[in-house]
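Sequence positions, counted from 1, serve as the residue numbers for this chain. Just so we're clear, the structure is a prediction, and the values are computed from it rather than from any experiment.
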Amino acid sequence: DEYKVDVSIEPTDAYNKARQDLFKAMQSIQKLSYQQKKRLAEELFGAESIRAAEQMFYYFSQMRHV
């Protein structure tokens with residue numbers, strides 16, 4: 001159940017192929033839980049970068065309430 005066979009048509013143009021792949025990735029990411037999204041972001045960008053971004057977003061959210 002980890003994989004499915006898929007027959008599809010893909011663009012041959014590199015730009016359109018990348019655009020289609022990005023759209024598919026965005027759809028897949030939307031289906032993840034918060035913890036899975038966080039783990040994926042840490043794997044892609046590094047845990048320290050993610051923590052710094054979280055702290056920055058928290059800081060800005062607190063500034064809006066002052």
Side-chain angles (χ1 to χ4, degrees):
D1 290 335
E2 291 186 27
Y3 296 95
K4 74 174 188 174
V5 176
D6 183 27
V7 178
S8 62
I9 299 172
E10 294 185 355
T12 56
D13 175 64
Y15 173 82
N16 287 325
K17 172 76 168 95
R19 186 174 172 214
Q20 181 181 18
D21 290 346
L22 182 59
F23 180 71
K24 285 181 184 179
M26 290 169 54
Q27 288 179 319
S28 295
I29 291 168
Q30 289 175 349
K31 295 176 185 177
L32 298 177
S33 68
Y34 172 78
Q35 289 81 13
Q36 291 171 318
K37 288 176 185 176
K38 185 174 179 179
R39 188 173 84 210
L40 180 61
E42 288 174 349
E43 288 175 12
L44 292 173
F45 306 112
E48 288 301 316
S49 297
I50 300 305
R51 277 193 280 281
E54 285 179 328
Q55 290 173 350
M56 180 182 68
F57 290 132
Y58 177 77
Y59 173 77
F60 287 132
S61 71
Q62 296 302 310
M63 293 298 292
R64 291 176 46 200
H65 297 295
V66 173

ask   = For residues 47-58, which residue pairs qualify under side chain to side chain donor-acceptor pair (under 3.5 Å), counting only residues two or more places apart or in two chains?
value = Y34-E54, E48-R51
note = side chain to side chain donor-acceptor pair (under 3.5 Å) pairs touching residues 5-16, sequence neighbours excluded, are E10-K17, D13-N16
ask   = Which residues, ordered by chain and number, are linked to I29 in its hydrophobic cluster, where ILVMFWY side chains connect at heavy-atom gaps below 4.5 Å, directly or through other members?
value = L32, L40, L44, F45, I50
key: Co-members of M26 in a cluster of I, L, V, M, F, W and Y side chains, linked at under 4.5 Å   = L22
remark   = d(Q27 CD, Q30 CD) to nearest 0.5 Å is 7.0 Å
Residues in side-chain hydrogen bond (donor to acceptor under 3.5 Å, both in side chains) contact with Q36, at least two apart in sequence or another chain = S33
